[in-house]
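Each ligand, and each atom within it, is numbered from 1 in the order the structure gives. In this chain, residues are counted from 1 in sequence order.
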Amino acid sequence: MSSADQPVLPQGAGYGVVVGIGLFFSALMIGLTAVQARYTSFSPKNSEEFSSASRSVKPGLIASGIVSAWTWAATLLQSSAVAYKYGISGPWWYGAGATVQVLLFAQLAAKLKLNAPYAHTWLEIVGTRWGKAAHLIFMFFGLATNIIVSSMLILGGSATVTDLTGMSTIAACFLIPLGVAIYVVVGGMRATLLCDYTHTSVLFAIILTFVFTVYATSPKIGSPTKMHELLATAASLRPVPGNAHGSYMTMRSKNGLIFGVINVIGNFATVFQDQAYWQRAIASKPASTVKAYLLGGLAWFAIPFVFATTLGLAAVALTGDPAMRTLSPADVSAGLPASAAAAALLGKSGAAVLLVLLFLAVTSATSAELIAVSSILTYDVYKKYFNPHATEAQVLKVSHAMVAFFAVCMGLAGMIFYFIGVSMGWLYTFMGVILGSAVVPIALCVTWSKANKWGCLAGAIVGFAAGIIAWLVTTSTLNGGVINVTTSGGDYEMLAGNLASIGVGGIIATVTSCIWPEDFDFNSTRALNVSTQPHMAHTKGTDLDSKQDEKRDSADEKRNSSDIQSVAIEDEEPIVEPDPDLDPVALDKAFQFAAWSSLILTIVMLIVIPFPLFFASTIFGVRGLTAWVVIGIIWCFISAFSVVLYPLWESRTALKQILKGLLKDIFAKGSGKYHEKGPSSHV
Ligand SMILES: NC(N)=O
């Protein structure tokens, strides 16, 4: 082992970051929660506030929360690994291939506000529309998504901490979620979003530090011109198979493209089926949900694209540098090129900064997963099947317990995959194989009145089986009958499984729905949890959607078929006071805007930009690479402004109100507390 292959930092640094930063954020959350309870109208002691932030959060903070939840360990590590393997096409396909789902999710978010404005989870909508069997089957896909995403977070986080500090991987697996669980339990959804905001701000600052080091100041690289020269040398020594002329500086990369397809499919599953993204839509103010998702998606793109174009390519450029550790295929699969490059460029300080960056990414995404699973286990398991008349206090207690429970599960899942020898990179390309089949059925359930229940269920189940079979048969065929973790992780093997899963699921769900369309009016999903909304007046006469009025009577009869019902609807026939925030015409307009803008952006990012460069086999010269890097840096700055400065601006009134309360308390002890009649605060 050369000295470059030794951990750069002492073990104590690993424990210091994992335990210390975890405890720091727990303390911060306790402080923020106390401030929130004293100076605003929101209290995390209320279960609606704990899981949904009272559905009042503004778009900038939601966008920041989306960026934070969507920035996994893989976002930094796997994107850099594909830059290391395939060159500049890797960061593009990673970034674009995981941005479009967030943009397209804006459509689902708009429909959520239109069709089920008071749902706590997406599974409540499925259960209300299609009953128990569908609820349980889609819960399998939902929880499987959370477990896989969480395992990737823990695997990526622990592998990097161990690599940089020598800290025990097992200890990291359990300590990482522990600190996060404490602050999630203390603060709930709103505090989690505020914590996401601080993480995102630091994240952008650190990424920009690395960018300017690599492309402006480092004596080892220091400019796009030098990067170009080093990448050209690397390609002549180690040409990339399947790339035009073996170059790292071309979008003409066969394996990059295959990764792109796998990436697009897998990330549909992990956005559409992950309660974390629904939860941000639920927490959002209805009028601005679409804006938040479009902003969040576009801002997020800069993170993997710029980070991997920086450290992933730097890892290639520095091959042979005495400070650069040797990377085995297993190291690359574990996502280690970025940390190796950071350490080679900046020594101990580079390694330490990367460790902090990674830890912030992992913890904020972990907090999103913890509160997401807690909501599913509380509302879709405990409240639905065990205690439908649970009191507010019971719901809150179970929510807290489920956060702690899933934190332990995350540690166990990470440890199990670690011992099996499954890496973060393997799981990343595998996720679409087992999760992809439910993507289309779920989207249809929430958005389309004609979606057929049995067709969508069949699509999810048969697609799941088709994905597994295609993956195993391809593995066996291409590897002489040998099926193991290594052989099954190949590009073609994963591609076959991903395509079969999402393709078969989508085709069955869509075709059956066209042949045997339902005529669902979404009235029962709109009535979901209406009785638990404190501000709703329960008097006769609902007017959520005037277009649906005529259908309502017949729908009321049909409603007996669904088994999650608003108790109040059945017993008292409450008629809901129209909520001005839920104006159906405005929400429908928001949906139309989301549909068009997300579709156009998707086509631009997945086709218009990459394919002409692919077919032209363009190899970037110095000017091309410089332009590519500069565009990335500009995008990164705009993103940082959108999710760091904009949330401060939009919350200026609330911040002023908190500051006033604080000052009052300082100068006249006890006089600053928020009272009901004061202006409401929407942080
Ligand atoms: N969130 C992802 N796919 O990095």
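For the pairing with Phe138, the side-chain contact (heavy atoms from CB on, under 4.5 Å) check across Asp380, Leu123, Ile125 returns one residue only, Leu123.
Taking a 6.0 Å sphere around CZ of Phe611, one finds it holds more than 12 heavy atoms contributed by other residues, nucleotides or ligands.
Of the N and O atoms on the side chains of Ser375 and Thr121, not one donor lies less than 3.5 Å from an acceptor on the other residue.
Looking at ligand 1, you won't find any N or O of Trp300 less than 3.5 Å from one of its N or O atoms.
Of all the heavy atoms of Asn267, the ones lying under 4.0 Å from any atom of ligand 1 belong exclusively to the side chain.
Take Pro91 and apply the side-chain contact (heavy atoms from CB on, under 4.5 Å) test, not counting sequence neighbours, and it matches Ala83, Phe305, Ala308, Thr309.
A distance below 6.0 Å separates the ring centres of Tyr277 and Trp70.
Atoms of ligand 1 lying under 4.0 Å from at least one heavy atom of Tyr428, given by number and element, are 3 (N).
In terms of protein heavy-atom proximity, atom 1 (N) of ligand 1 is nearest to Trp70 O, 2.8 Å. For atom 2 (C) of ligand 1, the nearest non-hydrogen atom of the protein is Tyr94 OH, 3.4 Å.
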